[in-house]
Amino acid sequence: AGLRSQFALGFMDPPLPPVSTISVPTVPTDLDWTVNQTALNMHRADIEQFVDAERNISLVRSEVRVGQVMHFDYSEQKYVFPISASLYSLIPEESPFQNKHYNACAVVGSGGILSNSYCGNEIDRADFVFRCNFAPIDKYKSHVGSKTNFTTFNPSVLEKYFNNLQTIYDRARFLGELRRLKGAVLWIPAFSFHGSNMVTRTLTDFFLEHERQFNPKLNLAWPGNVMKHFSDFWKTKGLSPKRLSTGMIVYTLATMFCEEVRLYGFWPYSVAPDHTPLSYHYYDKKGTTFTMKWKQAHQLPEEFNLLQQLHKHGVLKLTVTPCS
Ligand code: CTP
């Protein structure tokens with residue numbers, strides 16, 4: 001009853017300090033963490049009021065048609081993207097998460113806190129591993145693991161890291177990385193910004209060209225205009241950024257399919273709990289200064305505060321110290 005009343009009182013609605021005054025929080029104590037089934041069930045029920053995870057994770061063919069004009073979550077209404085026959089053929093017939101249920105899941109954010117964490121083995125022991133934005137893993141396996149069952153793929157990744165697939169080398173490298181996914185779900189939010197239109201076309205052409213070379217086949221998920229559902233839920237907890245971070249969306253989805261969710265790489269601070277300096281991403285080049293670019297769209301410290309409260313209540317487990 002005590003717990004229920006904490007929820008009823010909105011324990012997750014702390015007054016949010018302005019970002020500039022936020023300092024590094026006290027580290028969650030991992031040692032005595034246990035899942036609190038009642039709190040977790042209530043949290044899921046809360047989310048379910050806004051998010052239909054199985055449906056929201058991807059459009060399915062029966063919901064759309066060739067020529068249907070899509071709009072974008074974060075662009076003006078005048079911007080459109082008609083669904084081409086190519087894109088239509090890549091949309092799954094049924095939700096990639098239909099009737100799916102996993103035991104222990106790891107959600108891996110890309111924070112520099114994972115560098116030298118030696119969390120790789122622990123992450124790989126999870127039954128299902130969610131990752132963000134196609135983050136590189138090859139050179140960082142001992143710290144971030146290698147198992148990948150789901151990764152988000154913002155079309156802009158193609159521009160940023162694969163030179164828009166302009167050369168044979170970019171294409172070969174991208175193909176190699178996709179093959180390594182071995183049937184994992186690639187979650188492509190193509191209808192978030194109109195700016196990704198051209199890249200989405202390049203991406204769909206590439207998938208179709210190489211479709212037969214994937215064994216097991218690529219498991220693509222194309223969320224429709226669902227971001228509002230996630231924002232509406234988190235708004236009830238006092239969070240209303242311009243955009244939720246990818247990590248927060250992935251965590252929300254994971255909660256709906258997993259018995260237990262463990263978070264790694266979520267730490268939006270420039271120093272570790274022991275005050276050693278950190279890069280923003282675990283894969284940033286040595287010497288890269290911690291970026292504050294996220295401030296334009298996200299409220300990462302406020303997100304972290306909420307995750308920390310959920311940790312304290314046994315709803316999720318945050319890991320922000322080395323694993324061994
Ligand atoms: N993250 C974090 N602390 C960091 C870096 C990342 O908590 N220092 C989490 C955020 O939830 C972020 C996720 O890890 O969304 C994935 O990181 P990244 O790919 O860097 O996402 P961003 O580039 O920040 O952008 P976006 O969330 O808009 O995709």
Side-chain angles (χ1 to χ4, degrees), residues 19 22-25 27-28 72-75 106-117 119 123 129-137 140 143-145 148 150-162 177 186-193 195-196 199 223 226-227 230-231 234 237 239 241-255 261-273 276-285 288-311 316-321:
V19 171
I22 290 168
S23 52
V24 177
V27 181
F72 299 89
D73 295 296
Y74 306 114
S75 298
V107 177
V108 187
S110 304
I113 192 77
L114 273 172
S115 302
N116 300 317
S117 68
C119 285
I123 291 171
V129 179
F130 293 84
R131 297 183 190 268
C132 298
N133 296 333
F134 214 54
I137 44 182
Y140 314 93
H143 306 299
V144 308
T148 304
F150 176 106
T151 182
T152 68
F153 187 95
N154 193 321
S156 66
V157 170
L158 218 56
E159 259 171 327
K160 257 200 235 165
Y161 300 110
F162 296 94
E177 304 252 335
L186 193 64
W187 192 79
I188 310 166
F191 309 113
S192 287
F193 295 105
S196 59
V199 209
V226 295
M227 300 307 166
F230 294 85
S231 330
W234 285 106
K237 307 297 172 202
L239 186 67
K242 220 191 243 177
R243 284 189 290 118
L244 287 170
S245 76
T246 299
M248 202 64 171
I249 290 168
V250 174
Y251 158 67
T252 316
L253 285 170
T255 301
V261 180
R262 297 181 174 225
L263 263 55
Y264 303 83
F266 284 74
W267 182 262
Y269 306 101
S270 58
V271 292
T276 45
L278 296 174
S279 54
Y280 181 74
H281 296 118
Y282 67 78
Y283 52 83
D284 286 341
K285 276 200 195 117
T288 312
T289 45
F290 188 88
T291 173
M292 285 291 192
K293 266 201 202 146
W294 52 263
K295 274 194 185 179
Q296 294 163 4
H298 302 314
Q299 291 179 346
L300 296 185
E302 287 82 350
E303 287 185 359
F304 186 84
N305 286 346
L306 288 170
L307 295 175
Q308 202 175 13
Q309 290 185 52
L310 289 165
H311 171 99
L316 59 82
K317 183 172 188 281
L318 260 178
T319 296
V320 294
T321 49

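Whatever order the structure lists them in is the order used to number ligands and atoms, beginning at 1. Since the structure is predicted, the reported quantities are computational estimates derived from the model, not experimental observations.
In terms of polar-atom proximity, defined here as any N/O pair under 3.5 Å, T246 does make such a contact with ligand 1. At under 3.5 Å, not a single nitrogen or oxygen of Y269, backbone or side chain, sits near a nitrogen or oxygen of ligand 1. By the 3.5 Å distance cut-off applied to N or O atoms, S245 is counted among the residues near ligand 1.
Looking at F304 against ligand 1, nothing comes within 4.0 Å, counting heavy atoms. At a heavy-atom distance under 4.0 Å, only side-chain atoms of C132, from C-beta outward, approach ligand 1.
Close approach of ligand 1 to G109 (heavy-atom distance below 4.0 Å) involves ligand atoms 14 (O). The distance from ligand 1 to the heavy atoms of R243 drops below 4.0 Å at these ligand atoms: 28 (O). For ligand 1, the atoms closer than 4.0 angstrom to any heavy atom of N133 are 18 (P), 19 (O), 21 (O), 29 (O). Within ligand 1, the atoms closer than 4.0 Å to a non-hydrogen atom of H281 are 18 (P), 20 (O), numbered from 1 in the order shown.
Formation of a donor-acceptor pair under 3.5 Å by the S231 side chain with backbone atoms of M227 is found in this model. Between the side chain of E159 and the backbone N or O of V199 there is no donor-acceptor pair closer than 3.5 Å. A donor-acceptor pair is defined here as one N or O able to donate and one able to accept, closer than 3.5 Å; such a pair exists between the side chain of Y282 and the backbone of P136. Of the possible donor and acceptor atoms, one in the side chain of T152 sits under 3.5 Å from a partner among the backbone N and O of N133. Here the side chain of H281 pairs no donor or acceptor atom with the backbone of S110 at under 3.5 angstrom. Distance alone, capped at 3.5 Å, places no donor-acceptor pair between the S196 side chain and the S156 backbone.
Residue W294 places every heavy atom at 4.0 Å or more from ligand 1. Ligand 1 is never approached by K293 to a heavy-atom distance shorter than 4.0 Å.
Atom CG of residue L244 and atom CG of residue L239 lie 6.0 Å apart, to the nearest 0.5 angstrom. The CZ atom of F150 lies 8.5 Å from the SG atom of C132; values are rounded to the nearest 0.5 Å.
The one candidate from T148, T246, T151 that meets the side chain to side chain donor-acceptor pair (under 3.5 Å) condition with R131 is T148.
Across A135, S192, G247, G111, heavy-atom proximity to atom 12 (C) of ligand 1 is greatest for G247. Between atom 24 (O) of ligand 1 and the options F134, W267, Y280, the minimum heavy-atom separation is to Y280. In this comparison of G265, P268, A297, S279, the heavy atom closest to atom 1 (N) of ligand 1 sits on G265.
Considering only non-hydrogen protein atoms, atom 28 (O) of ligand 1 sits nearest to H298 NE2, 2.7 Å. The nearest protein atom to atom 14 (O) of ligand 1, hydrogens excluded, is given as S110 N, 3.2 Å; this is a heavy-atom distance.
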Show the numbers, then the answer: is there a ring-ring contact (aromatic ring centres under 6.0 Å, His included) between F266 and Y251?
-> CA-CA 11 Å; F266 284 74; Y251 158 67; 7.8 Å; no
